[in-house]
Structures are given as structure tokens and as C-alpha cells.
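Please read the structure below before turning to the comments.
A quick note: this is a predicted structure, and the numbers were derived from the prediction, not measured. The basis for the numbers below is simple: all heavy atoms, side chains too, and nothing from hydrogens, waters or symmetry mates. By convention in this document, chain letters (A, B, ...) are assigned in the order of the sequence lines, proteins followed by strands, and residues within each chain are numbered from 1.
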There are 2 protein chains.
Amino acid sequence: MAGEPDGDGGLESVALTPPTRVTRSRATLADVARLAGVSAKTVSRVFSGNAYVADQTRDRVMAAANRLRFRPNDLARSLRHGGVANTVGFVMGDITNQFYFQVAAGMERELAKHGITMILAATEDDPGSEERVVETLLNQRVRALVIVPIAADQSYLEGERQLGTPVICVDRPARNLVADAIVLRNRSGTADAVRALVTNGHRRIGFICSPGGLYTHEQRLAGYRDALREAGVTDSRRWERLKDVDGRPDEESARELMALPDPPTAIVAGNNHASAGVIRALGERRSEIAFIGFDDFELADALGISVIAYDTLEMGRRAALRLLERLDDPTGPPQHIEVDTHVIARGSGEIPPAS
Amino acid sequence: MAGEPDGDGGLESVALTPPTRVTRSRATLADVARLAGVSAKTVSRVFSGNAYVADQTRDRVMAAANRLRFRPNDLARSLRHGGVANTVGFVMGDITNQFYFQVAAGMERELAKHGITMILAATEDDPGSEERVVETLLNQRVRALVIVPIAADQSYLEGERQLGTPVICVDRPARNLVADAIVLRNRSGTADAVRALVTNGHRRIGFICSPGGLYTHEQRLAGYRDALREAGVTDSRRWERLKDVDGRPDEESARELMALPDPPTAIVAGNNHASAGVIRALGERRSEIAFIGFDDFELADALGISVIAYDTLEMGRRAALRLLERLDDPTGPPQHIEVDTHVIARGSGEIPPAS
DNA sequence: ACCCTCTATGTCAACGCTGACATATCTTGC
DNA sequence: GCAAGATATGTCAGCGTTGACATAGAGGGT
């Protein structure tokens with residue numbers, strides 16, 4: 001398969017210009033000014049837009065700027081304006097988790113409207129690296145920080161906050177730091193799903209989620225318990241499976257539940273990873289046991305999997321909006337914002353109890 | 001040490017020093033220097049690390065810096081060093097497409113190793129906005145650009161390239177611009193999948209993909225045709241369905257194929273969206289008709305769906321590596337790098353022809 | 001004619017940092 | 001004892017930009 005047949009070969013080649021000569025340096029305001037026969041300040045005025053410049057002069061400046069391919073240097077601009085850049089930093093955890101990127105996407109979209117650009121950094125879910133990563137961003141003089149807290153403690157940011165850098169936490173609240181938080185409606189969202197199952201006649205409902213201990217997972221577990229308590233189910237602990245280990249514990253947990261003498265008639269998964277495990281474990285028996293997973297996923301609708309869904313983009317958007325508010329007015333108490341979740345019924349969650 | 005008598009008072013000094021602002025702002029090198037009783041340059045040396053500083057002095061400086069919560073200002077640093085920041089810009093298309101973010105993730109991981117931070121920007125798949133977005137990044141003085149080309153023409157970047165800003169294209173090559181490209185092995189990857197079906201006895205093989213016209217999709221279609229031509233199938237056009245419209249054309253296309261008097265015994269989908277359509281259309285008949293989709297997706301393994309897969313993170317990684325090479329040595333012809341794809345057999349693709 | 005305001009442009013310093021260069025002390029070698 | 005290096009620190013200018021301030025002609029009102 002080495003030689004691509006005919007078709008539309010010749011993808012590259014055809015260099016438009018010989019292999020690159022480099023480093024004619026970039027034009028500055030002064031260069032443009034010289035060419036246009038005006039002062040640097042006048043060029044500056046043309047590019048920052050908000051001052052008196054004669055139309056004729058403006059044209060001459062623009063012509064010179066285009067000829068020299070001038071581009072205003074935002075670094076210098078930022079330095080001049082209090083040394084703060086027009087960027088915000090987003091610190092996410094595990095880079096392979098698309099959740100973070102969806103949030104980033106929502107943020108980007110909103111920030112772009114305000115001409116703010118976003119700088120990305122990842123902690124790779126290593127709590128120890130959080131502070132280091134944050135420092136990198138602060139050195140870049142971001143105007144604000146949005147972080148998905150992963151370290152055990154964010155008090156190291158207290159100084160920054162006092163210096164006026166807003167900190168917004170996403171998905172989990174910060175610990176030991178006054179900061180706004182944008183989180184999911186984890187607890188009541190999960191409760192909603194369980195209630196739906198209860199309404200449908202289920203009493204033996206399993207809950208699978210690993211790793212335990214995270215804020216989000218604790219909240220979801222709590223919601224699960226809330227709903228079962230409401231329903232008068234007192235032995236819910238029996239149906240809980242929360243492992244902290246790696247490997248594929250969720251799938252095993254599901255099999256374990258299904259192998260009980262009185263197996264659950266419905267299972268709720270606390271996150272996407274757990275959903276995958278449960279679906280694998282269910283296999284051919286997917287039509288027998290009801291299932292609802294927290295987190296929507298691609299093709300879930302094609303497959304008829306009911307989920308507790310939410311708008312990840314919205315989380316990012318809300319984070320961005322809160323951030324913009326903070327930049328306008330840094331005072332005021334921290335807000336705890338919950339983003340709505342809702343159960344999407346696609347079939348798997350509406351299966352009635354078998355026994 | 002001229003002006004600045006003590007700390008307070010000094011009201012009578014008329015024109016010498018106007019009342020200094022009391023707003024607590026961020027500490028600078030000079031502030032630290034004053035507190036430590038050394039020159040700013042010495043503090044600079046401590047923080048850039050690579051020069052002679054006595055241990056005792058270093059300690060004193062660090063103590064002062066910590067007390068003042070000093071942070072080096074990378075903006076100023078960058079400005080001093082040729083006015084170029086230590087960042088690269090990534091321009092992606094539709095922000096809700098997780099593919100882009102996976103690429104971003106791979107890049108980030110690699111760039112972080114080199115202390116380079118990434119700036120994100122999205123074109124929202126609007127070709128007209130590409131140039132504007134790119135400009136924003138260039139104004140931030142990114143050291144290099146990685147873009148997923150969406151505009152019809154990237155020649156507007158030629159000037160930048162000549163000024164020494166490397167441009168790397170991902171997923172699709174640039175048009176009218178000399179730039180490296182990191183793309184998937186679209187053509188032969190698709191051909192591999194079709195060959196596998198042929199080997200399994202299939203001759204009537206459908207291909208569904210929308211929208212047509214994109215580079216990637218053209219390549220995949222070409223690969224499909226390659227393999228069928230090899231197999232001596234001459235009427236492959238009959239089995240191709242490529243629509244440009246929106247809605248859910250892929251699902252309809254699949255139904256249409258299945259409703260033919262001599263329906264295909266196997267179907268290949270050209271992208272994830274098409275896969276979803278086909279899976280919906282197949283419904284209960286999933287076990288009768290072989291299926292392979294381009295792009296892996298979550299739970300595909302749990303569901304036994306065979307796919308043409310690749311490592312999206314790897315694409316980003318390769319882009320980052322190429323970029324770093326370019327920064328080291330800006331010369332040399334543009335490279336066209338293909339990232340490997342491979343067929344993952346999970347069952348759906350190994351179903352033998354029924355008739 | 002005079003003053004006033006509006007428009008249009010220029011001069012200069014400074015944002016925070018570091019490279020180039022200068023200076024001063026301390027070793028080491030012969 | 002002294003040149004030659006190694007070590008330690010300081011001074012100054014300038015990266016590209018713009019705010020503050022200065023200047024100067026054009027128009028308007030009286």
C-alpha cells in the first residue's frame with residue numbers, strides 16, 4: 001500500500017517560494033510611522049481607534065502598515081496597561097477527558113465575544129502539579145483563572161485573589177479559598193434519575209461509580225441515597241459499589257451486583273466510565289435490567305441509553321460570564337452556581353423491574 | 001536613590017514626586033530589589049537562574065520576593081526578548097467537535113514539556129472568521145500557529161511565514177500556503193477496511209459519508225474506491241451516498257441502500273456522524289449487515305462495532321513535535337505527515353455476506 | 001480682532017524586564 | 001607580588017506601546 005495510485009496525487013511540492021529565508025524582523029509602530037511620514041503616536045492612534053486622526057492620515061498610515069505587514073504587539077500593549085494581559089487561564093485536569101474541553105469550548109466562545117483569549121494548561125490529574133501550572137499562567141499575567149481544582153487545597157491562591165485576580169472553579173468547589181464555583185446539579189440530578197426508576201416500580205437499584213471520594217461522585221451518591229430514602233428503601237448500602245482502584249472495577253462491580261441472589265432490577269452509573277463498565281457487564285441482558293448513566297455520550301441516543309445529561313458548554317459559558325462579572329466588580333461574596341441536569345429517557349431507563 | 005525620602009509625608013515637595021498611588025499593586029523586580037537591598041538586575045539574575053549570585057544574596061532576594069508575592073512578568077520578559085511570547089496558537093474549527101480538543105490535548109502535553117503554553121481560538125467552522133482569529137493570535141505574538149484549515153485559502157499567512165512564524169496544519173493541508181501538514185492516513189486507511197470486507201467475501205459494499213467535499217472525506221472516498229477497484233468491483237458508484245445537506249441524511253442514505261433490490265452486504269461510514277446514522281438505520285438488522293465506521297467512539301467496543309481508528313492525541317503530539325523542529329530550524333521543505341490508522345475488529349465488521 | 005473650542009498631531013517617559021558592559025573582590029598560579 | 005581568571009554585583013538603555021501633556025491650525029461666537 002505504499003504507492004498511492006493515481007487519483008489526486010501530488011499533495012505537496014510546488015513550493016510557492018524557495019525554502020524560506022528568515023528573520024527580516026517585524027515592523028513596529030515606529031517603522032510604519034517613518035514610512036507614512038507621521039509620528040509613532042499617530043500610528044498608535046490609528047490602531048487603537050479612539051482618537052482624532054484625519055481620514056487622509058489614516059489612509060496613509062494604513063497603507064504603510066499593510067506594506068510592512070505591521071501588527072500591533074499585544075505584549076507591549078499589555079505591558080503598558082498595568083502589565084496585565086487580555087487573557088484568562090484555564091487549568092484542567094486530565095487532558096484526555098473531553099469534559100474539560102467542552103467546558104473550555106463554552107468558555108472560549110463567550111470570552112471571544114469580549115476579545116479575551118484563553119490560555120490552556122493541564123495538570124494531568126496530578127495534584128502536585130496544580131500549583132506549578134497555575135504559576136505558569138500567573139506569570140503570563142492572565143486576568144483571571146478558571147480551574148478545575150485537583151489539588152487538596154487551593155489556599156496557595158489566596159494571595160493572588162487579594163491582588164485582584166478572580167478565581168473561578170469549575171466542576172468542583174475550591175478548598176480553603178474564597179472563589180466562585182460552577183458545578184453540576186449532581187445531587188438532585190442523580191436523585192431525579194433514581195426517583196424515575198422508583199416511580200417505574202424499581203426498589204432494588206444499584207449505584208456504581210469509581211473512583212469514590214471526588215466531590216462530584218460524593219454528591220451523586222448522596223443524591224442516590226436521598227431518593228432511595230424518600231422511597232423508604234433502607235438497605236441502599238447493599239447496592240452501592242464505589243471502588244478507588246484502577247483497572248476495570250466498574251464492570252466487575254456490575255457483574256457482582258448482577259450475581260447477587262436478589263440482583264438489582266436497575267442500575268445507575270455515577271459517571272461515564274462507570275456507564276461503559278455497566279454496559280459491558282450487561283451485555284445481552286441489556287433489555288432486562290434498567291440502566292441510567294450520569295453523563296451523556298455519543299451514540300447514546302442511537303443505542304437507546306437513558307442518561308442524566310447536562311450542557312457542558314453551558315458550564316464553560318457560565319464560568320466565563322461569572323469571570324467577566326468579577327473583572328467588572330471584584331467585590332461581593334463567592335457564588336455557588338449550579339448548572340442544571342436532566343434525565344433523558346431513551347429506553348434503557350424505562351425498563352420495568354423484571355421480578 | 002535620589003527622590004523618595006522616607007516612606008510617608010513629604011507633602012511639601014512641590015513638583016518632585018506626585019503623591020504615589022496607594023493601590024496595592026503587584027510587586028516588581030524593583031520592589032523586591034529595594035526590600036532586599038540589592039539592584040533589580042540581581043533579582044533578575046536570581047529569577048532567571050543562570051548567573052553568578054551569592055547564596056546569601058539569593059536567600060535574601062527570595063525572602064523579599066516571597067514577602068511581596070513577587071512573580072516575574074512574562075509579558076515584560078517576552079517583550080525584552082524580541083517581542084515574541086513563549087506561546088503557540090491553536091486555531092480549531094467547530095468547538096463542539098471533540099476531535100479538535102483531542103488534538104489540542106496531545107499538543108498541550110508535548111508543549112508543556114518545553115515550557116510553552118498554548119492559546120486556544122476557534123473559528124466556529126466559519127471560514128470567514130479564520131483570518132480574524134489568526135490575527136488575534138498573531139497579535140499576541142505566538143511563536144507558531146497550528147491550525148485546522150477551514151477557510152478556502154490560507155495564502156494570507158504567507159507574509160507571516162516569511163517573517164518566521166511556523167504554520168502547521170492539522171487534519172487538512174493548507175491551500176496556497178507552504179506549511180507542514182499532519183493528516184490522517186485517510187485514503188489507505190479506508191481502503192484497508194474495505195479490503196478486509198472483500199477478503200471476507202463482500203462485493204456489494206456501501207459507503208456513506210456527509211458532507212462530501214471536505215479533504216478528509218474525499219480521501220476516504222478515494223480509498224474506498226481504490227479497494228473496490230482492486231477487487232474488480234466496477235459499479236462502486238452505485239453504493240456511494242454522499243450528501244451535503246443537513247438534517248439526518250446519513251440515516252436516510254443507509255435506509256435507501258438497504259432498500260435496494262440487491263442491497264449491500266456491508267456498509268462503511270466515512271465519519272462518526274455517518275456511523276451514527278447507519279447504526280440507527282440498521283437497528284435490529286445489525287447482525288445481518290457488516291459495518292465499519294471511520295472514527296472510533298466511546299463504547300464502540302462495548303457494542304461490538306468495528307472501526308477505523310487512530311490516535312487523536314498522537315496527531316496533536318506530532319503537530320507539536322513538528323512545530324518544535326520548525327522553531328529550531330525554520331528552513332526545509334514542508335512535511336506532509338500521515339498519522340496511522342488501523343482497523344479494529346470488534347464484530348460488526350466481520351459479519352460475512354448474507355446472500 | 002479676540003477668545004474659545006474642536007480637531008489633529010507631536011514629544012516624552014515609562015510599563016517590567018534583561019543584555020551589554022562596567023566594576024569590584026577574591027582566587028589561583030608562578 | 002602581580003597578571004589572569006572566576007565570582008558577584010551594579011548601571012543603563014531599550015524591547016513596542018500608549019497616557020499625559022504640549023502644540024498648532026481651523027472654525028465659531030461676540
Side-chain angles (χ1 to χ4, degrees), chain A residues 23 25-61 64-65 68-86 138-141 143 163, chain B residues 1-3 15-21 23 25-61 64-65 68-86 138-141 143 163:
Chain A
T23 45
S25 70
R26 207 175 283 272
T28 69
L29 279 185
D31 299 326
V32 177
R34 208 170 302 122
L35 183 58
V38 297
S39 76
K41 179 70 214 202
T42 296
V43 181
S44 166
R45 273 190 267 256
V46 169
F47 277 89
S48 34
N50 49 7
Y52 299 120
V53 180
D55 286 349
Q56 191 194 358
T57 308
R58 185 186 311 275
D59 292 346
R60 218 146 29 93
V61 166
L68 297 178
R69 294 193 222 288
F70 169 76
R71 261 174 216 305
N73 187 328
D74 278 348
L75 295 177
R77 281 224 249 243
S78 295
L79 184 58
R80 194 62 180 63
H81 296 315
V84 176
N86 203 18
L138 289 173
N139 290 353
Q140 309 257 350
R141 290 300 189 270
R143 288 178 65 186
L163 280 173
Chain B
M1 295 295 146
L16 279 183
T17 30
T20 340
R21 297 248 9 121
T23 326
S25 66
R26 209 174 281 275
T28 69
L29 278 186
D31 298 327
V32 177
R34 207 169 303 125
L35 183 59
V38 297
S39 75
K41 179 72 215 205
T42 296
V43 181
S44 166
R45 274 190 266 256
V46 169
F47 277 89
S48 33
N50 48 6
Y52 300 121
V53 180
D55 286 349
Q56 189 193 1
T57 308
R58 185 185 311 274
D59 292 346
R60 219 145 28 94
V61 167
L68 298 177
R69 296 204 175 86
F70 170 77
R71 260 172 217 305
N73 186 330
D74 278 347
L75 295 177
R77 281 224 250 243
S78 295
L79 185 58
R80 194 63 178 60
H81 296 313
V84 177
N86 204 19
L138 289 173
N139 290 354
Q140 309 258 351
R141 291 299 189 271
R143 289 178 64 185
L163 281 173

>> Rounded to whole Å, please give me the gap between CG in B:Asp59 and P in D:dA8.
In response: 13 Å
>> Quick one: does any side-chain atom of B:Arg60 pair with a main-chain N or O of B:Ala36 as donor and acceptor, under 3.5 Å?
In response: yes
>> Generate the contact string for nucleotides 4-15 of chain C. Rules: B means base contact, S means sugar-phosphate contact only, - means no protein heavy atom under 4.0 Å.
In response: ---BBBBB-BBB
>> Whole angstroms only, please: what is the CZ-P distance between B:Arg141 and D:dT17?
In response: 7 Å
> Is B:Arg77 near enough to C:dT18 that one of its side-chain N or O atoms lies under 4.0 angstrom from OP1 or OP2?
Replying inline: yes
>> Between B:Arg141 and B:Ser78, is there a side-chain heavy-atom distance shorter than 4.5 Å?
In response: no
> Please give, in whole Å, the distance from D:dG16 P to B:Asp74 CG?
Replying inline: 18 Å
> For A:Arg26 and D:dT17, what is the distance between atoms CZ and C1' respectively, to the nearest whole Å?
Replying inline: 15 Å
> Any sub-3.5 Å donor-acceptor pair from A:Ser48's side-chain atoms to A:Ser44's backbone N or O?
Replying inline: yes
>> From CG of A:Asn139 over to C1' of C:dC17, roughly how many Å is that when rounded to an integer?
In response: 13 Å
> Which part of the nucleic acid, if any, lies within contact of A:Phe70, taking any heavy atom under 4.0 Å across all strands shown: a base, the sugar-phosphate backbone alone, or nothing?
Replying inline: sugar-phosphate
>> Please give me the minimum heavy-atom distance between A:Arg26 and A:Asp31, naming the atom from each residue.
In response: O-OD2, 4.0 Å
>> So A:Thr57 and A:Val46, do their side chains get closer than 4.5 Å, heavy atoms only?
In response: no
>> If I take atom CG in residue A:Leu29 and atom C1' in nucleotide D:dT18, what distance separates them, rounded to the nearest angstrom?
In response: 9 Å
> How close or far is atom P of C:dC17 from atom CZ of B:Arg34, stated in whole angstroms?
Replying inline: 12 Å
> In Å and rounded to the nearest 0.5 Å, what is the CG to CG distance from A:Leu163 to A:Leu138?
Replying inline: 9.5 Å
> Can you check the A:Asn73 CG to D:dT18 C1' distance for me, whole Å?
Replying inline: 13 Å
